[in-house]
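Shown next, in structure tokens, is the structure this report addresses.
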Amino acid sequence: MLGKLSLDALPHDPIMMGGAATVVGALIFGALIVTFLKRWKWLWSEYFTSLDPKKIGVMYLIVALLMLLRGFADTLMLRAQQVLSTGDSQGILSADHFQQVFSAHGTIMIFFVAMGLIFGLINLLVPLMIGARDVAFPLLNSVSFWLYIAGVALINGSLIIGEFSAAGWLAYPPLSTLEFSPGVGVDYWIWALQISGIGSLLSGINFLVTIFKMRAPGMTLMKMPIFVWSVACSMVLVAFAFPILTATLSMLSLDRLIGTHFFTSDMGGNPMMYINLIWAWGHPEVYILILPAFGLFSEIVATFSRKRLFGYTSMVWALALITVLSFTVWLHHFFTMGAGANVNAFFGIMTAVIAIPTGIKVFNWLFTMYHGRIKFATPMKWFLGFVVTFTLGGVTGVLMSVPAIDFQVHNTLFLVAHFHNMIIGGVVFGIFAGITYWFPKIFGFKLNERLGTYAFWCWLIGFLLAFVPLYALGLMGAARRLDHYDPSMGWQGLFVVAGIGVAVLGLGMFFQVLQLVYSIWKRNENRDTTGDPWNGRTLEWSVPSPVPVYNFTHIPTVTSRDDFWETKQHPQADTRVPFEAIELPKNSGFGFAIGVLSALAGFAIIWHIFWLAGVATVAIILFVIIRTTGEHDSEIVLSAVEVEQIDAAARRKMTAGVKK
């Protein structure tokens, strides 16, 4: 009846019990707070069932930032183990638990932090930047978000019931096969990624259609903001890469569930096929994350340099070239696995070549700053930190594109340092810059600059302390996933320095939390009273802050690149157009239901409760059929009078409580 589920699935190790208690305690505490504030109905109607991409974007950001705290807790355990576990000391984690924490850390940070933050900003910004009132498929957008939440629920559920994968964050066979991982950990990994990955694919299709079909009149492709271009290229990668992930995880799951042999070493299977497939998805995934960050930096640098972005056309072509080339480099992840000299040479050359369009972008940003009237606000500081860290990561990446060098540093901490250079120095710094820059547009008030600066310096210094020593350790032969080593290797001092760096990163996160709390407390002093607090260039700065539910009272007509900036430089006579009725999608609990049922189906398959998996799957199919074939009153209409009232209220709110 309950498959493999039993009381033995509950955690017994003290640290695992602490993790489970933390997750359960956080859920109970959150529920009690909402109950005390009597906010359940408000939460359901304003957020959980909302189809407004701005509210969906806010939910993405909140959940992804909470997952960042979870992933950082894993980082603390990993680094503490590597600092302490040498010689006779075995550290704080068992070998198996260390591998579970390592796998969870990588999985969470890529799939549920970076992807969540990127999709959050895409939801918040893309419709506004292209002059649209909504995304192409609002209901599908809600489904995508709740599938992401289902994945979050499963990966955190593994802390409470069962275990997580110890096979690494990409679960290579044969380690991830039943022979070597007979428990449910790999299954948790598969289904958390499978469900959230389907949500990402649906989002990719949704935003591609939104960008290509819903732009404001006059906004040709070459008048789109660079961030929108970066999202378009990223979503093309999503549309092509995520089906590979879906197919790969399906085959691995079938190997584990019904005894097929796609990736086993016997019965005609081939583990190397898995390696090829997972990296044919995995390397484009890096660019799925970094391209939107490039777009964020492009908007920020132009705004704070008070100049038009240098080399717009070359930036667009660089994005397009990266999109194509990202599918030609995946084999550099396994140069050492016997593909042959000719194959290695081709992929080594392509890996070096893809650095060229990336370098074009860096030089264009620097040329944008050249002779600009630069304002070093917090978002600009994140950009400058990115230039330092990302350049270091790019140089080491080109270094490893040489197969002979890769043979020496493969599977060492040198690779770990390079990867974090790209993801933290590129993606995370870009996201923090974007959140800081667009925060007043989303919430109506700016974040505190001083605390933001403290956070930035802690992140930059902490990052360099945490990961530069790993380059040295990698050159000294320290392998990744290492949970114990002999003191004669001389590694402990560098691990201690790296541990200090992680502590400084934690201090940076503390300042970010303090910045948020303090900014909320002082929000009236930092309120955005104009809708344009940074003197921005793109359309989102033309509407009140926070943005009304309908985005624009009138869909703008675009006549030039950076149209809002040009309008401010050459103001026209005020010709007021009468307000008009606006049609918006009604709230719907459909996405929430699909997310709950998907999480239930995934949990049931993990534990071999096949009757429950069947019931949940049939329920999903029935929900979809009813929703797509039945007649539904799925829109609401705001009359012209209501639109005028909402607009007036939004503009009054901007100035409410401001000290004169």
Ring-plane angle category for [X] and [Y], please: parallel below 30°, perpendicular beyond 60°, tilted otherwise.
X	Y	result
W438	F227	tilted
F240	F327	perpendicular
W279	H333	parallel

Minimum heavy-atom separation for [X] to [Y], with atom names?
X	Y	answer
A241	I288	CB-CD1, 4.5 Å
L237	P284	CD1-O, 3.9 Å
A166	L175	O-CD2, 4.1 Å
K361	M315	NZ-O, 3.5 Å
G499	R79	CA-CG, 3.4 Å
A498	L470	CB-CD2, 4.3 Å

When you measure from the side chain of [X] to the backbone of [Y], do you find a donor-acceptor pair of N or O atoms at a distance under 3.5 Å?
X	Y	result
S89	T86	no
Q512	G452	no
T177	P173	no
S234	S230	no
S176	A171	yes
Q99	A167	no
Q81	L76	no

Student check: side-chain heavy atoms of [X] and [Y] closer than 4.5 Å:
X	Y	value
L289	E285	yes
Y60	S203	yes
N364	L309	no
L68	M509	yes
M67	N156	yes
H418	F467	no
L384	M369	yes
L415	V409	no

Next on the checklist: With ring-ring contact (aromatic ring centres under 6.0 Å, His included) as the test, pick out the partner of F347 among F335, W330, F334.
Outcome noted: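 So the option named by the test is W330.
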Item to check | Reference residue W382; test ring-ring contact (aromatic ring centres under 6.0 Å, His included); the match among W457, F463, F376, F456 | outcome: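 So the option named by the test is F456.
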Checklist entry - Going through the distances and angles, do Y471 and N421 end up as a side-chain contact (heavy atoms from CB on, under 4.5 Å)? => result CA-CA 11 Å; Y471 283 116; N421 254 132; 2.4 Å; yes
Please confirm whether the ring centroid of [X] lies under 6.0 Å from the ring centroid of [Y].
X	Y	answer
F297	F383	yes
F304	Y437	yes
Y485	F495	yes
F294	F390	yes
W281	F111	yes
H283	Y287	yes

For atom [atom1] of [X], is the number of surrounding heavy atoms from other residues, nucleotides or ligands below 6.0 Å larger than 12?
X	atom1	result
D486	CG	yes
Y370	OH	no
Y172	OH	yes

As an exercise, state the distance from [atom1] of [X] to [atom2] of [Y], rounded to the nearest 0.5 Å.
X	Y	atom1	atom2	result
I108	H105	CD1	NE2	9.0 Å
L249	Y274	CG	OH	6.0 Å
I155	S196	CD1	OG	8.5 Å
S181	D96	OG	CG	8.5 Å
I92	D483	CD1	CG	11.5 Å
T378	I435	OG1	CD1	13.0 Å

Checklist entry - Distance only, no hydrogens: is a donor on one side chain within 3.5 Å (strictly under) of an acceptor on the other, for W189 and S103? => result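 Not at all, the side chains of W189 and S103 share no donor-acceptor pair under 3.5 Å.
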Next on the checklist: Can you see whether H332 engages S401 through a side-chain donor-acceptor pair at a distance of less than 3.5 angstrom?
Outcome noted: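 No - no donor-acceptor pair under 3.5 Å links their side chains.
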Checklist entry - Can K446 be said to sit on top of W534's aromatic six-ring, NZ or CZ under 6.0 Å from centre and within 45° of the ring axis? => result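 Here K446 passes the 6.0 Å and 45° test against W534.
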Next on the checklist: Checking V231 against L125 for the side-chain contact (heavy atoms from CB on, under 4.5 Å) test, could you report, in this order, the C-alpha distance in whole Å, the side-chain angles of both residues, the deciding distance, and whether it holds?
Outcome noted: CA-CA 10 Å; V231 171; L125 301 178; over 6 Å; no
Item to check | side-chain contact (heavy atoms from CB on, under 4.5 Å) assessment of R480 paired with N411 | outcome: CA-CA 6 Å; R480 57 180 176 171; N411 211 35; 2.7 Å; yes
Next on the checklist: Between M476 and M489, does the side-chain contact (heavy atoms from CB on, under 4.5 Å) criterion hold? Intermediate values first, please.
Outcome noted: CA-CA 9 Å; M476 293 167 70; M489 303 302 292; over 6 Å; no
